[in-house]
K.L.:
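After the structure tokens below, expect a handful of questions from me.
Note that the structure is predicted; figures quoted are calculated from it, not measured.
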Amino acid sequence: MASNNPRPTKAERRAAARAQAQAMREEQERKDRRNKITRRSLLAGGAVVIAGGVAYAVTRDDDSSSGSTTAQGKANKAGFPKLVLKDGSWTYGAGPEAGATNSGAKVLDVYFDYSCHYCAAFEDLHSDEITTLLNDKKITLALHPCKILGQDWTDKVMNAMGVVLDDEPDKALDLHNRIFALFYKIYQSQDTSLMTVDNIVATAQDAGVSSSVTSKFAEAISGNTYGEWTTAGTEAFSDKGFTGTPTVVLGGKTLDLATIGTATGLTDTLSGSSSSSGSSPSAEASAAVTDAR
């Protein structure tokens, strides 16, 4: 049975996310100090430190062009939504049109797992900001789904999302946001009985997806119709050398989530008032690996 406790307001959830990010940043700093000597001994480029069961990748600053993510072309394979690119991602510019871009804008790449509560917290904190940046044509959004936590929930959502991207792609971004809001509620309440196909259907209908499309979810999920898409996204995530979700990259530079832990953190980074791009992975990204253990 679902919890009767009232859902926290968005302001309260944002405050909790900021506090969580700060605590994790402090923990990351403590781990960094403990492993400073070990890291000095590693060769530069692609080295990995294992500490306390968590893998930390040495990140690269990639000064690739703003359109590097979207220049690769469509996958055009069975088991992939038609709009999806070769690495499993899909994009947005201004408006709800999936597959669009904002010409000349920096690419905001968001790597996520639908079973990752840190990803849900990131979405809750930044979804409104991202929408504003898209509509102001400040960024192109590239969503990179993957399955690193090994949860069936990810497969369910990916197959439902695949149907929507193929049949009603203009509803996919709203569904993406609402699915993460649902998962955030599930995580906060610890009520796993909510992780059902029926709730995915209801959430999609709240996003405006027609019943004729949501009626296809059960078959797609049971047959894992879009399993190849999920696999491709997971492989692309690993090939990049990333180790946890969410991983957020802006204009080719990996962001430290702990330093953009406000509702305007991405905007501040774009304007140059934040120093959140850097060479170390975020504490939140690393914590998602811990969850998988």
K.L.:
Compute whether any side-chain donor of one residue and acceptor of the other, for E168 and S210, lie under 3.5 angstrom apart.
P.N.:
yes

K.L.:
Rounded to the nearest 0.5 Å, what's the gap from SG on C146 to CD on E235? Could you check?
P.N.:
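With rounding to 0.5 Å, SG (C146) is 11.5 Å from CD (E235).
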
K.L.:
For a quick test of reading the model, state the closest non-hydrogen atom pair linking K74 to K86 and the distance between them.
P.N.:
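Taking every non-hydrogen atom into account, O-CG, 3.5 Å.
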
K.L.:
Set out, in order, the CA-CA distance, both residues' side-chain angles and the distance that settles side chain to side chain contact (heavy atoms under 4.5 Å, CB included) for D109 and V248, then state yes or no.
P.N.:
CA-CA 6 Å; D109 295 286; V248 182; over 6 Å; no

K.L.:
Could you pull out the closest heavy-atom pair between P169 and L165, with the gap in Å?
P.N.:
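Closest approach of P169 to L165: CB-O, 3.3 Å.
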
K.L.:
Using the salt bridge (charged side-chain N to carboxylate O under 4.0 Å, His left out) criterion, which residues pair with K171? Sequence neighbours excluded.
P.N.:
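Partners of K171 by the salt bridge (charged side-chain N to carboxylate O under 4.0 Å, His left out) criterion come out as none, since no residue qualifies.
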
K.L.:
So, do F237 and T243 sit near enough that their side-chain heavy atoms are less than 4.5 Å apart?
P.N.:
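They are not in contact (no side-chain heavy atoms under 4.5 Å apart), so the answer is no.
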
K.L.:
Is there side-chain contact between F217 and V164, with heavy atoms separated by less than 4.5 Å?
P.N.:
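Heavy-atom side-chain distance check passes, below 4.5 Å.
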
K.L.:
Does any N or O in the side chain of T259 come within less than 3.5 Å of the main-chain N or O of D256, such that one atom is a donor and the other an acceptor?
P.N.:
yes

K.L.:
Look at the side chain of N199 and the backbone N and O of L194, then say whether any donor-acceptor pair between them is shorter than 3.5 Å.
P.N.:
yes

K.L.:
Just by modelled atom types, is the A218 backbone N or O under 3.5 Å from a matching donor or acceptor in the S222 side chain?
P.N.:
yes

K.L.:
So, do Y111 and K240 sit near enough that their side-chain heavy atoms are less than 4.5 Å apart?
P.N.:
yes

K.L.:
Taking C-beta and beyond as the side chain, do L149 and C116 meet within less than 4.5 Å on heavy atoms?
P.N.:
yes

K.L.:
In plain terms, say whether D152 and K156 are close enough for a salt bridge, that is, a side-chain N and a carboxylate O under 4.0 Å apart.
P.N.:
no

K.L.:
Can you see which heavy atom on P145 is nearest to which on M158, and at what distance?
P.N.:
CB-SD, 3.5 Å

K.L.:
Please report the interatomic distance CD1(I200) to CD1(I179), rounded to the nearest 0.5 Å.
P.N.:
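Taking CD1 in I200 and CD1 in I179, the distance rounds to 5.0 Å.
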
K.L.:
So, D155 and Y226: side-chain donor and acceptor under 3.5 Å apart, yes or no?
P.N.:
no

K.L.:
If you measure from CD1 on I139 to CG on L266, what distance do you get to the nearest 0.5 Å?
P.N.:
7.0 Å

K.L.:
Does one hydrophobic cluster hold both F80 and L83, with members joined at side-chain heavy-atom distances below 4.5 Å?
P.N.:
no

K.L.:
Could you check whether the rings of H126 and F122 sit parallel, tilted or perpendicular, using 30° and 60° as the cut-offs?
P.N.:
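Rings of H126 and F122: tilted, as their planes differ by 30° to 60°.
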
K.L.:
Does the N135 side chain pair with the main chain of G95, one donor and one acceptor, at a distance under 3.5 Å?
P.N.:
yes

K.L.:
Once you round to the nearest 0.5 Å, how far does CG of L133 lie from CG of D128?
P.N.:
11.0 Å

K.L.:
Distance only, no hydrogens: is a donor on one side chain within 3.5 Å (strictly under) of an acceptor on the other, for E129 and T264?
P.N.:
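Note: E129 and T264 side chains miss the donor-acceptor criterion.
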
K.L.:
Check the pair I130, Y92 against side chain to side chain contact (heavy atoms under 4.5 Å, CB included), reporting the backbone distance first and the verdict last.
P.N.:
CA-CA 10 Å; I130 289 172; Y92 289 95; over 6 Å; no

K.L.:
Is the closest side-chain heavy-atom distance between D191 and I186 below 4.5 Å?
P.N.:
no

K.L.:
Is atom CG of D136 surrounded by more than 12 heavy atoms (other residues, nucleotides or ligands) closer than 6.0 Å?
P.N.:
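Count over threshold, so yes.
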
K.L.:
Salt-bridge test for K216 and D167: reply yes if a basic N is under 4.0 Å from a carboxylate O, no otherwise.
P.N.:
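Answer for the salt bridge query: yes.
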
K.L.:
In Å and rounded to the nearest 0.5 Å, what is the CG to OH distance from L257 to Y118?
P.N.:
11.5 Å

K.L.:
Is the backbone of T234 close enough, under 3.5 Å, to the side chain of S238 for a donor and an acceptor to pair up by distance?
P.N.:
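Yes, the answer is positive, given that a donor and an acceptor are paired below the 3.5 Å cut-off.
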
K.L.:
Determine the minimum heavy-atom distance between A204 and T214, stating which atoms define it.
P.N.:
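Nearest heavy atoms, A204 then T214: CB-CG2, 3.8 Å.
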
K.L.:
Which heavy atom of W229 sits nearest a heavy atom of G88, and at what distance?
P.N.:
NE1-O, 2.7 Å

K.L.:
Looking at P96, is its backbone amide N or carbonyl O close enough to the side chain of D170 to form a donor-acceptor pair, meaning the two atoms are under 3.5 Å apart?
P.N.:
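Flag not set: sc D170 to bb P96 has no pair under 3.5 Å.
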
K.L.:
Return the set of residues passing ring-ring contact (aromatic ring centres under 6.0 Å, His included) with Y114 (not counting sequence neighbours), or none when no residue passes.
P.N.:
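Scan of Y114 (ring-ring contact (aromatic ring centres under 6.0 Å, His included), adjacent residues dropped) gives F112, H176, F180.
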
K.L.:
Taking atom CG of L182 and atom OG1 of T203, what is their separation to the nearest 0.5 Å?
P.N.:
4.5 Å

K.L.:
Quick one: does any side-chain atom of T154 pair with a main-chain N or O of G150 as donor and acceptor, under 3.5 Å?
P.N.:
no

K.L.:
Test L141 against L173 for side chain to side chain contact (heavy atoms under 4.5 Å, CB included), laying out the working first.
P.N.:
CA-CA 10 Å; L141 175 64; L173 184 56; 4.2 Å; yes

K.L.:
Go through it in stages, so that I can follow the logic: the residues are N102 and T140, the test is side-chain hydrogen bond (donor to acceptor under 3.5 Å, both in side chains), and I'd like the CA-CA distance, side-chain angles, deciding distance and then a yes or no.
P.N.:
CA-CA 5 Å; N102 282 326; T140 287; 4.9 Å; no

K.L.:
Are T196 and D198 close enough, and set up right, to give a side-chain hydrogen bond (donor to acceptor under 3.5 Å, both in side chains), and what steps lead you there?
P.N.:
CA-CA 5 Å; T196 64; D198 285 345; 5.3 Å; no

K.L.:
Are any non-hydrogen side-chain atoms of N177 and S127 less than 4.5 angstrom apart?
P.N.:
yes

K.L.:
State whether the number of non-hydrogen atoms from other residues, nucleotides or ligands found under 6.0 Å of E97 atom CD is greater than 12.
P.N.:
no

K.L.:
Would T101 and T91 count as having a side-chain donor-acceptor pair, cut-off 3.5 Å?
P.N.:
no

K.L.:
If we count only N and O atoms by modelled type, under 3.5 Å, do the side chains of N159 and N224 hold a donor and an acceptor together?
P.N.:
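A donor-acceptor contact under 3.5 Å links the two side chains.
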
K.L.:
Could you walk me through whether V107 and L250 pass the side chain to side chain contact (heavy atoms under 4.5 Å, CB included) test, one step at a time?
P.N.:
CA-CA 6 Å; V107 176; L250 179 62; over 6 Å; no

K.L.:
So which heavy atom on G162 is nearest to which on P81, and how close?
P.N.:
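Shortest heavy-atom separation between G162 and P81 comes out as CA-CG, 3.8 Å.
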
